[in-house]
2 protein chains.
Amino acid sequence: MKFTINRSVFANQLNNVLRAISSKTTIPILTGVKIVVEDQQVILTGSNADITIQTTLSAENGKTALTIEEPGAIVLPARFFSEIIKKLPDQDVTIEVHDGFQAKISSGTAEFQINGQDANNYPHLPEIQSASTITAVADLLRDVVEQTRIAVSKQESRPILTGIHMRLADDQLVAVATDSHRLAQRKVTVPTNGQSYDVVIPGNSMTELARMIADVKGDIQIQIAENQVLFQFDNALFYSRLLEGMYPETSRLIPDTADTTIELEAGNFLAAIDRASLLSHQGHNNVVKLSLDPDTNTAKISGDSADVGNVEEDVSFEKLTGNKLEISFNPDYMSDALKSFGQASVLLSFTSPLRPFTLVPTEDQENFVQLITPVRTF
Amino acid sequence: MKFTINRSVFANQLNNVLRAISSKTTIPILTGVKIVVEDQQVILTGSNADITIQTTLSAENGKTALTIEEPGAIVLPARFFSEIIKKLPDQDVTIEVHDGFQAKISSGTAEFQINGQDANNYPHLPEIQSASTITAVADLLRDVVEQTRIAVSKQESRPILTGIHMRLADDQLVAVATDSHRLAQRKVTVPTNGQSYDVVIPGNSMTELARMIADVKGDIQIQIAENQVLFQFDNALFYSRLLEGMYPETSRLIPDTADTTIELEAGNFLAAIDRASLLSHQGHNNVVKLSLDPDTNTAKISGDSADVGNVEEDVSFEKLTGNKLEISFNPDYMSDALKSFGQASVLLSFTSPLRPFTLVPTEDQENFVQLITPVRTF
C-alpha cells in the first residue's frame, strides 16, 4: 500500500472520521482508523458502538492531489496518526505500508514509522438494505437537530429518552426530544414519497451529524433500515444505530390553551435570565421566578438565595395578556430554550404555576415549540 | 457607601485585582475583594498568601465616569461580584451598601442584593519601608519574566527553586531560574542608583505581574524591603512576598567552552521538536535524540518507542562545527526553551552527551541563555 495526498485535505477528512472514534472503547481495533487504498481512491473509516463514518478521497478530485502507487489496507492508531498528519512540515504526505503492518509516513524531511493493525480484523460496515431514500436539505436537517437536541436526556435510566424521536410521513418530519423536564418539537417539510418511518436516533449521533454537515451545501440522502440509519452527503457515509423501544407519546404534553401569554425578544430575555442564574447557581436550588402582571403591565424575574443575596429585574416585553401569574423554573432550561430561537421574537404561553409552559416563535407558532416544566416552590 | 461608575472600566480593574484572589484560601475573607470608597476615588484590593494587588479608580480620570455619593467600605465575594458586574445590562453600575453589610448593585432594570463582610476584618497591606526606588521599563521587565519563568521549579521539595533569583547591582538586573533540570538566565540594564539587592521572588507572582503589565506602557517603580517587593505602575500597587533562604550558586553551571555548536532558526527547529515529541509522548520515557555530524554536515533528530513506532527528521541549520555528537534530551524542555527565543537565530553549544548544553541568541550571546541537562540513554 502506498499513496501520496495533499496533507490538509487528508487531515480534514481524517477529522471527520475521528468524530466516530473514541479512545474509550472495549474493542481495541476501533481506536484505529481504517485506511483502504483502491485504484483511484482512499477510503477512511472510523466507528464506535453508535456511529460509523466513512469518507472517500478520490483521485478524480484535483484538490486531493492523490496519487496511488499501490493499493492495500491498514488500521492505524487514529488520534496519534491524525496528530502526526497535522504537524508534518510539507504540503503533501506519503503513506506506505511495508513489513506487514508498519506504516511509513513521510513529508518533507520528516519520517515517522508507526505500528498498525491488520485491516481484515476491522469490523464490517452495518448493512442497510433499503430500497427507498428520503432527501432532506442539509441546513434544514441541521436546524432540526440544533433545536431539539437540548431536550435529549443525559440519563441512561430511560435509554429511549437519550434519542431524538423522528417521524416521517405525509411529506413532514416531526422531531421530538424530551428528558421529562422539558421537551422540544420541530416540524419541517420533507418529501417522503409515500413512505413513512418512526425511529429514535441517539442524540449524540445526531449532534455529531449536525457538526459534520455544518459546511455541507445541498442535500442529504437518508436511508432507514430496521436498526440503522444512513446519512449520505458529499463524499461521506454516516451510519447510526437506532434506539430500540417505544418512544413515549408526547403530543398530549403540549398544552393547547393559555391563560397568560407574553411576547418578548429572545436575546434580551436570555441576558436577563443569565444574570438571574448567576445568583441561582450559587444557591441550593437553581430556580428563578417570573412574575407577570397584565393589570399593571409589568414582568419581573427574581431569585433569592439566603446565603448569597437576591436579584430582581424588570423584563422588557412586546405584549402581555391574560391572568396575573407567578411561576418558578430552572433558568438553565430557559436559557437553553431561548438560545434555540436566536434573536427572534418569542411567545411564552402559561396555564398555571404548576403546569408546563411553552415557547414558540411569534412568527411561526405551529412548527417549533419548546416546553418547560416549572418547579414547585411552595 | 454609594458610588456610580462606568461598568467596563470597573470590570477591568476588578479583573486585575482578581489575579491575587484565590477561591482556595484558608482565610475566608480573602475570597473577597475589598472596596474602599473615599472622597474622590474607589480603591480595590485583592490578596492571597503571596500577592496583594491594589488598584485605584479616580474620579479625576474621566473614563471612570465615577461619581461618589457616600464614602465607605465593604468586602464582597470576589468571583461572584465580578461575574455580576460583567453581565449587567447598562453602561454604568451603582453600588450601595445599606443594612450593615448588604450591597445593592444596580444597572438598568437589574438589581442585585448581595451579602458582604466588614472591611475592618480585612488584613492590612504589607508595609514597605524603603527609601530607594528602582525604575524599570515595563516591556523589559515582562521579557525578563517570560524568558526565565519556564525554568522555575514546580516542585515544593526545594521551595527556593520555585522563585526567580533577581540580583540588582551596577546598573544590571540578572534574573535566574532553575528547576535543576534546566536553567534560564537573563541580564538587562536597569539603573540601580548605587543600590544592590539580591532577592528571590515566587515564580507565580512574577507570572501574574507579567500578565498584568502586558499592556502597561512606560515605567515600573520597584521597591524592595526585607520580605516584600512592591511594583508600582499606572494606578496599581502589586506586592509580592519574597522567598526566604539562599538561592544556589548557578554561575558555574553554565559551561564556557563548547566542542560542538549548531546555529539554527528557533521556529523551524521548534516545529521539528514538536513533531518528534508526538512520538516520545506516547512512550515511557519522553526523550528525543539529536545527532550532529559536522563531517557530513548533517543534523538529525530521532525518537523511538517500541510499542508505537519511531520518527526521524533531518534538521535544517545555518552552521554546524566541532565534533560529532549524539545527545538525548526531554523535548518539552527544548520546546519551552526555543519558544522563549521567538523567531530568532539560536546557537546551541554542546560539550559532551552527559553535560548540560546551552542555547543563546546568535545575535546577543552574552545576555540570555537557556541551559538544558541531557538524559542518559545508555
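Throughout, a chain's letter reflects where its sequence line sits, starting with A, and its residues are numbered from 1. All values below were derived from every heavy atom in this structure, side-chain atoms included, with hydrogens, water molecules and symmetry-related copies excluded.
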task: With a 4.5 angstrom heavy-atom cut-off, could you sort out which part of A:Q282 is near chain B: side chain, backbone, both or neither?
output: side chain

- request: Give a yes or no on this: more than 12 heavy atoms of other residues, nucleotides or ligands lie within 6.0 Å of atom NZ of B:K300.
  value: no

message: With rounding to the nearest 0.5 angstrom, report the CD to CD distance, B:E111 to A:E312.
response: 6.5 Å

query: Is the CD atom of A:Q91 crowded by more than 12 outside heavy atoms at less than 6.0 Å?
result: no

message: At a heavy-atom distance under 4.5 Å, which candidate from B:N310, B:I301, B:D307, B:I105 has the highest pair count against chain A?
response: B:N310

message: Working to the nearest 0.5 angstrom, can you tell me the gap between B:K87 NZ and A:D274 CG?
response: 4.5 Å

- prompt: B:K104, B:Q102, B:Q113: which one forms the most heavy-atom pairs within less than 4.5 Å of chain A?
  reply: B:Q113

Pairwise distance OG(A:S305) to CG(B:N115) - rounded to 0.5 angstrom: 8.5 Å

query: If you count heavy-atom pairs under 4.5 Å between each of A:I84, A:L279, A:V315 and chain B, which one has the most?
result: A:L279

- prompt: When heavy-atom pairs shorter than 4.5 Å are enumerated against chain B, which of A:P89, A:G309, A:P77 gives the highest number?
  reply: A:P89

- prompt: Given a strict heavy-atom distance threshold of 4.5 Å, which part of A:N268 is in contact with chain B: side chain, backbone, both, or neither?
  reply: neither

- prompt: Roughly how far, to the nearest 0.5 Å, is OG1 of B:T109 from CZ of A:R275?
  reply: 6.5 Å

task: Specify the closest pair of heavy atoms between A:V308 and B:F80, including all atoms of both residues, with the distance to one decimal.
output: CG1-CE2, 2.9 Å

- prompt: Under a 4.5 Å heavy-atom cutoff, which of A:D314, A:D304, A:I114 has the most pairs with chain B?
  reply: A:D314

query: Applying a criterion of heavy atom separation less than 4.5 Å, what residues of residues 10-26 of chain B form contacts with chain A?
result: none

- request: Can you tell which part of A:L88 gets under 4.5 Å to a heavy atom of chain B, answering side chain, backbone, both or neither?
  value: both

